[in-house]
Amino acid sequence: MHHIYSLLPLRDAARAACVSHGFLLFWRCYSNLTFNVSTLGLARKKSEDWGIFLIDIVDCILRNHSGNGVETLDLCLLSCENIDPSYLDRWLQIAVRLGIKELKLEMTNFMKKKYSFPCSVLSDDAAASSIRSLCLSACVFRPTTTLGCLRRLNALSLFSVQITDEGLGHLLSKSFALQQLFIFGCNAITCVKIPSMLQQLKLLTIKLCEKLQVVEINAPRLSSFHFDGALVKISVVDPSPLRDVYFSSPRQSRMLSYARTRLPSITRNVRCLTLVSSDEDVNIPMLHSKFPRLKKLEIYIKRPQAVLSLISFLDASPALDSFILRVDANVLRPDSVVGGENAADDPRWKPECRHDCLRQVTIIGFCSEKNLVQFVIYIVENTPRLESITLDTTLWSGRRCDINGKSRKMKRSCDRMTEGCIAEAHRAVKVANRYIAGRVPSGVRFQVLEPCSQCHARTRSGWY
């Protein structure tokens with residue numbers, strides 16, 4: 001009965017506790033403590049009152065809880081901008097004990113004073129040894145050598161946490177079973193060192209850490225590395241296990257040039273590579289370095305005028321099977337648009353590269369920009385095993401509904417497009433049919449996708 005009761009949602013479990021003394025006893029040992037606006041039934045109240053009600057209800061529940069049997073403590077306090085730290089200290093002391101598996105503390109960055117997470121609750125080896133997932137957000141965290149051994153911790157997430165390089169080192173040194181590590185917006189960190197003792201680490205994600213300068217990776221089984229932020233020095237002791245790499249950078253970073261010149265040394269076994277360039281006029285040289293085992297390449301670029309430089313990536317990927325390019329058509333220059341009978345042909349630009357393994361090509365955000373049209377023609381004429389090429393004229397984030405617009409129950413509508421974007425999309429369709437379609441071999445599936453008729457029907461009739 002205790003196990004069955006533990007499977008009830010929080011509100012149902014609370015209601016059942018009012019029925020009998022037996023259920024009340026179970027309630028005092030209830031294991032899944034997930035506290036947020038939804039689970040506490042506050043959605044119908046005024047949003048400005050959520051914080052007050054949430055603190056009162058959570059405090060009442062935990063004061064009456066025995067503290068035994070808690071497996072999950074999930075505190076979502078985004079609506080609490082001015083909570084007394086003593087409440088949080090008391091709640092953590094009650095719930096974080098032997099047997100806890102998941103601890104999540106989600107706070108807002110608009111707190112009047114940052115909450116300092118009490119490392120003492122994790123200094124007890126009994127509690128520390130049972131926790132498997134730890135997620136902290138918008139607080140101060142200062143781990144020391146007194147931290148208990150987190151021998152079962154396999155997922156660690158730090159969002160906007162004030163933690164130093166030394167503190168992060170202490171934390172990782174106690175987490176040798178870690179499999180997933182996510183660091184987001186931790187602006188006090190200057191160096192991330194992944195020690196060799198993290199034998200099980202497979203996924204590492206680092207995003208938007210403003211002061212970060214160095215990333216040193218010595219995890220022997222790391223297979224996925226995702227990085228988003230200003231370009232820094234990155235070293236990988238043994239890159240052979242890496243299979244999936246994602247790189248994104250802020251404006252004016254020349255990230256694509258960095259990726260072409262620096263990444264081959266750590267991506268020799270990578271199968272999937274994603275590159276996101278926010279704002280960059282790329283001019284990438286043809287180099288001898290390769291991505292020898294790369295199967296899938298996905299690139300996001302802001303300026304379609306620079307697309308021809310991407311041939312360097314295709315040339316460096318002899319095993320490439322699938323290529324996806326996302327382009328922002330909103331930054332078209334009027335003088336770069338295709339016009340005239342032979343505007344898509346440029347005799348000065350005839351690169352001699354063949355891509356013998358490439359089978360599938362998708363370009364999202366296809367437009368009538370000259371270089372982009374030339375790029376597609378180049379792929380068609382230099383890819384002997386090409387099976388399909390899709391030119392999607394919607395925004396670079398892509399369509400989310402049924403491609404043909406026939407499904408009435410769409411999972412999610414397409415991104416809204418302005419009238420100018422709609423007009424450019426229809427012009428791009430005409431350009432594709434005029435300059436590209438006739439060059440596509442008969443055995444290749446060729447698709448040109450227009451804006452979704454359902455999502456943008458109102459736009460064309462002047463809805464905007």
Side-chain angles (χ1 to χ4, degrees), residues 1-108 111 115 117-118 120-122 124-139 148 150 152-157 159:
M1 286 296 295
H2 192 310
H3 175 67
I4 294 173
Y5 184 85
S6 69
L7 301 177
L8 290 174
L10 182 72
R11 295 180 69 191
D12 291 340
R15 287 167 176 159
C18 301
V19 175
S20 71
H21 291 291
F23 284 147
L24 180 59
L25 179 62
F26 293 156
W27 171 246
R28 289 173 177 161
C29 298
Y30 187 67
S31 59
N32 182 20
L33 298 177
T34 301
F35 300 124
N36 54 51
V37 170
S38 177
T39 60
L40 298 180
L42 302 178
R44 294 183 179 180
K45 297 185 180 295
K46 295 180 180 179
S47 58
E48 56 266 27
D49 296 332
W50 286 352
I52 297 173
F53 281 107
L54 192 147
I55 293 171
D56 288 344
I57 295 173
V58 172
D59 193 53
C60 179
I61 291 174
L62 288 177
R63 279 182 179 275
N64 288 281
H65 199 285
S66 68
N68 297 321
V70 177
E71 294 184 358
T72 299
L73 177 61
D74 185 344
L75 289 166
C76 181
L77 306 175
L78 296 176
S79 57
C80 305
E81 297 182 8
N82 190 24
I83 182 172
D84 191 321
S86 63
Y87 282 100
L88 292 166
D89 291 344
R90 182 167 62 248
W91 297 346
L92 292 172
Q93 290 291 345
I94 292 172
V96 182
R97 299 186 182 183
L98 175 63
I100 189 166
K101 297 179 180 178
E102 180 178 347
L103 174 58
K104 183 176 182 181
L105 177 59
E106 189 174 6
M107 308 185 73
T108 174
M111 287 277 291
Y115 173 66
F117 184 87
S120 58
V121 300
L122 295 177
D124 178 15
D125 278 332
S129 64
S130 64
I131 194 166
R132 299 178 182 177
S133 175
L134 176 63
C135 178
L136 301 179
S137 173
C139 65
L150 301 162
R152 289 186 175 85
L153 184 67
N154 56 52
L156 172 63
S157 299
F159 295 85

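A quick note: this is a predicted structure, and the numbers were derived from the prediction, not measured.
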Subject >> Audit row: V58, L40, side-chain contact (heavy atoms from CB on, under 4.5 Å) steps and yes/no >> reply: CA-CA 9 Å; V58 172; L40 298 180; 3.9 Å; yes
Atom [atom1] in [X], atom [atom2] in [Y]: separation rounded to 0.5 Å?
{"X": "S31", "Y": "H3", "atom1": "OG", "atom2": "NE2", "answer": "9.0 Å"}
{"X": "K101", "Y": "N154", "atom1": "NZ", "atom2": "CG", "answer": "11.5 Å"}
{"X": "E71", "Y": "Y30", "atom1": "CD", "atom2": "OH", "answer": "11.0 Å"}
{"X": "L62", "Y": "Q93", "atom1": "CG", "atom2": "CD", "answer": "12.0 Å"}
{"X": "L10", "Y": "L33", "atom1": "CG", "atom2": "CG", "answer": "7.0 Å"}
{"X": "S130", "Y": "L103", "atom1": "OG", "atom2": "CG", "answer": "10.0 Å"}

Original post:
Is the count of non-hydrogen atoms from other residues, nucleotides or ligands lying under 6.0 Å from R132 atom CZ greater than 12?
Top reply: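 Not buried by this count: 12 neighbours or fewer within 6.0 Å.
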Original post:
How far apart are the C-alpha atoms of D59 and R90, what are their side-chain angles, what is the distance that settles it, and do they pass the side-chain contact (heavy atoms from CB on, under 4.5 Å) test?
Top reply: CA-CA 9 Å; D59 193 53; R90 182 167 62 248; 2.8 Å; yes
Original post:
For L105 and L88, what are the C-alpha separation, side-chain angles and deciding distance, and is it a side-chain contact (heavy atoms from CB on, under 4.5 Å)?
Top reply: CA-CA 10 Å; L105 177 59; L88 292 166; 4.2 Å; yes
Original post:
Where the side chain of N64 meets the backbone of C60, is there a donor-acceptor pair that is under 3.5 Å apart?
Top reply: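 Between the backbone of C60 and the side chain of N64 there is a qualifying donor-acceptor contact (under 3.5 Å).
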**OP:** For F26, check ring-ring contact (aromatic ring centres under 6.0 Å, His included) against everything at least two apart and list the hits.
**Re:**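 Applying ring-ring contact (aromatic ring centres under 6.0 Å, His included) to F26 gives H2, Y5.
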Subject >> Counterpart residues, ring-ring contact (aromatic ring centres under 6.0 Å, His included), relative to W50 (two or more places apart) >> reply: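 ring-ring contact (aromatic ring centres under 6.0 Å, His included) list for W50, sorted by chain: empty.
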Are any non-hydrogen side-chain atoms of [X] and [Y] less than 4.5 angstrom apart?
{"X": "V121", "Y": "W91", "value": "no"}
{"X": "N36", "Y": "E106", "value": "no"}
{"X": "M111", "Y": "L77", "value": "no"}
{"X": "R97", "Y": "N68", "value": "yes"}

Original post:
Which residue, S157, C135, S133, C76, forms the side chain to side chain contact (heavy atoms under 4.5 Å, CB included) with K104?
Top reply: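 One option only clears the test, and that one is C135.
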Subject >> Sole candidate of L134, L92, L153 that passes side chain to side chain contact (heavy atoms under 4.5 Å, CB included) when paired with L122 >> reply: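 With L122 as partner, L134, L92, L153 yield a single side chain to side chain contact (heavy atoms under 4.5 Å, CB included), made by L134.
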Would you name the heavy atoms of [X] and [Y] that are closest together and state the gap between them?
{"X": "A16", "Y": "L8", "value": "CB-CD1, 4.4 Å"}
{"X": "V96", "Y": "L73", "value": "CG2-CD2, 4.5 Å"}
{"X": "S66", "Y": "C29", "value": "OG-SG, 3.6 Å"}
{"X": "L54", "Y": "S79", "value": "CD1-OG, 4.2 Å"}
{"X": "L24", "Y": "A17", "value": "CB-O, 3.7 Å"}

**OP:** Would you kindly say whether D74 and T72 are connected by a side-chain donor-acceptor distance under 3.5 Å?
**Re:**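 No, T72 and D74 have no side-chain donor paired with an acceptor closer than 3.5 Å.
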**OP:** Return yes if a side-chain donor-acceptor contact under 3.5 Å exists between D89 and Y115, otherwise no.
**Re:**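 Yes - a donor-acceptor pair under 3.5 Å links their side chains.
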Original post:
Is there a side-chain contact (heavy atoms from CB on, under 4.5 Å) between W27 and I61 once you walk through the steps?
Top reply: CA-CA 9 Å; W27 171 246; I61 291 174; 3.9 Å; yes
